[in-house]
Amino acid sequence: MSKALDGIRILDFTHVQSGPTCTQLLAWLGADVIKVEKAGVGDITRQQLRDIPDVDSLYFTMLNHNKRSITLDTKVPSGQAVLEKLIKRCDVLVENFAPGALDRMGFTWERIQALNPAMIVASVKGFGPGPYEDCKVYENVAQCTGGAASTTGFDDGLPLVTGAQIGDSGTGLNLALGIVAALYQRKTTGRGQKVLAAMQDGVLNLCRIKLRDQQRLARDGVMKEYPQYPHGQFGTAVPRAGNASGGGQPGTIVKCKGWETDPNAYLYFVAQAQVWEAICEVIGKPEWLTDPHFSSPATRLPRLTEIFSAVENWTKTLSKFEAMQRLSEHDIPCGPILSMEELMAEPSLRATGTIVEVEHPTRGPYLSVGNPIKMSDSSTEVTRSPLLGEHTDEVLAELGLTVSEVATLRADKAI
Ligand code: CAO
């Protein structure tokens, strides 16, 4: 089977998480991704959070599948000459260095354009143009500066970061989309372009419902689906809403059987208006059907605590899976809180390739998250991440380097 991005060559200058997420996705879509790493060092994540001594970490392997790795010191002249050849040969350069690093290396946008006017130069940065554009940024900084932390957690607690890597992986996905769009536009213009995905922008984009709520709060002074209503206080900024639903249907997390000892014996329950009748029947509150205090979504809003407590009295008698089964029979939206341990063991996720087992020469088999995008005419076969510099000779040969040029690179410690 052919792949969507067959024939596209990516010069992958990415490291850590955000950029590698982007280039891994492009590789899964069929692009030839050549990861350039510092000679002798490599992507810093190869060594971070190692679980087996001297073996590439899961952090690295899980973000760099289906790529080739070459080592190259791009600050010495012989290394820079190779980089020039790579720029001429590739379609896209992807990087997520600290701001200005590519320029300091001597590869400005103008120079890259002169070398290859069709090249797309795609970057992840922490911030877009503005007061913070020169700052280095990691995941949680982006979550804090993009609006996620101030709106995550409970009213009486600290701002919280979430385990979902919305700043890094989320921004990597944005960049991948920008690259694919730029490749498409190049078909008509023949020109490359710069693509920028800023982590603050990416997080804010994912927090758009909170910007919606900020404007509702400014207008009305209150938001009736928030846990602060009706007894708590609203300030001027959108408060943390705990586990309240961010949409028009109220929801929360309720305890299930075993919650006293199992930290994940919980279920997300949505009190969807369309199935209110079924909810009342299932949780044993048929009297609410005729009670005017509960008859409409609007009259229910000040009583959400009472409603969810009745739901919980019922869910506490069942395991989260039993509760989901019973609720689903009545089309009541809900979802068990699944741990990583449970997700790892879920057969349907293995069957679809969402979780894959990969064989690695020094690590042995490990699990990874596969391509979340499924295409009928461009399948994904996840292959292991490359060892450091595993493809250096192969790529240099493709670039047509002579034996003496390769010897110079070795003498310069550039590869
Ligand atoms: N050969 C020679 N030098 C190389 C090289 C190579 N192959 N690859 C990288 N380098 C150099 C860079 O040119 C840079 O040199 P200068 O500082 O002299 O310009 C240096 O290595 C370090 O790069 P860096 O500043 O990007 O790395 P860092 O570890 O200090 O910072 C990070 C890491 C992530 C904070 C920073 O890269 C960043 O802010 N990136 C943008 C935002 C981003 O993607 N953050 C998410 C990271 S995932 O959590």
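In each ligand, atom 1 is the first atom listed, and ligand 1 is the first ligand listed.
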TODO: Could you tell me how the ring of Y366 sits relative to the ring of H360: parallel (under 30°), tilted (30 to 60°) or perpendicular (over 60°)?
DONE: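 Correct class here is perpendicular.
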
Can you list the ligand 1 atoms lying under 4.0 Å from a non-hydrogen atom of [X]?
X: V16; result: 47 (C), 48 (S), 49 (O)
X: L72; result: 1 (N), 6 (C), 7 (N)
X: D168; result: 46 (C), 47 (C), 48 (S), 49 (O)
X: D73; result: 1 (N), 2 (C)

Could you say whether the N/O atoms of [X] and ligand 1 ever approach to under 3.5 Å?
X: V137; answer: yes
X: G126; answer: no
X: M199; answer: no

Tell me the protein heavy atom at minimum distance from [atom], and give that distance in Å.
atom: atom 18 (O) of ligand 1; answer: K75 NZ, 2.7 Å
atom: atom 26 (O) of ligand 1; answer: A98 N, 2.7 Å
atom: atom 23 (O) of ligand 1; answer: F97 CD2, 4.3 Å

Task: Heavy atoms from other residues, nucleotides or ligands near CD1 of I52 exceed 12 (cutoff 6.0 Å) - done: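 For I52, atom CD1 is crowded (more than 12 foreign heavy atoms under 6.0 Å).
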
Open item on the list: Using heavy-atom distances only, which candidate in E95, K38, K125 approaches atom 5 (C) of ligand 1 most closely?
Closed with: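 The option holding the nearest heavy atom is K38.
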
- [ ] Return yes when H15 approaches ligand 1 closer than 4.0 angstrom through a heavy atom, no otherwise.
- [x]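 So H15 counts as touching ligand 1.
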
Open item on the list: So, 4.0 Å and heavy atoms of S18: is ligand 1 close enough to count as a contact?
Closed with: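 For ligand 1, residue contact (heavy atoms, under 4.0 Å) with S18 is present.
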
Task: Side-chain ion pair, E260 and K255, N-O less than 4.0 Å - done: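 The answer is no: the pair does not qualify as a salt bridge.
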
- [ ] Report yes if some heavy atom in the side chain of P20 is under 4.5 Å from a heavy atom in the side chain of F60; otherwise report no.
- [x]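 P20 does not reach F60 side chain to side chain.
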
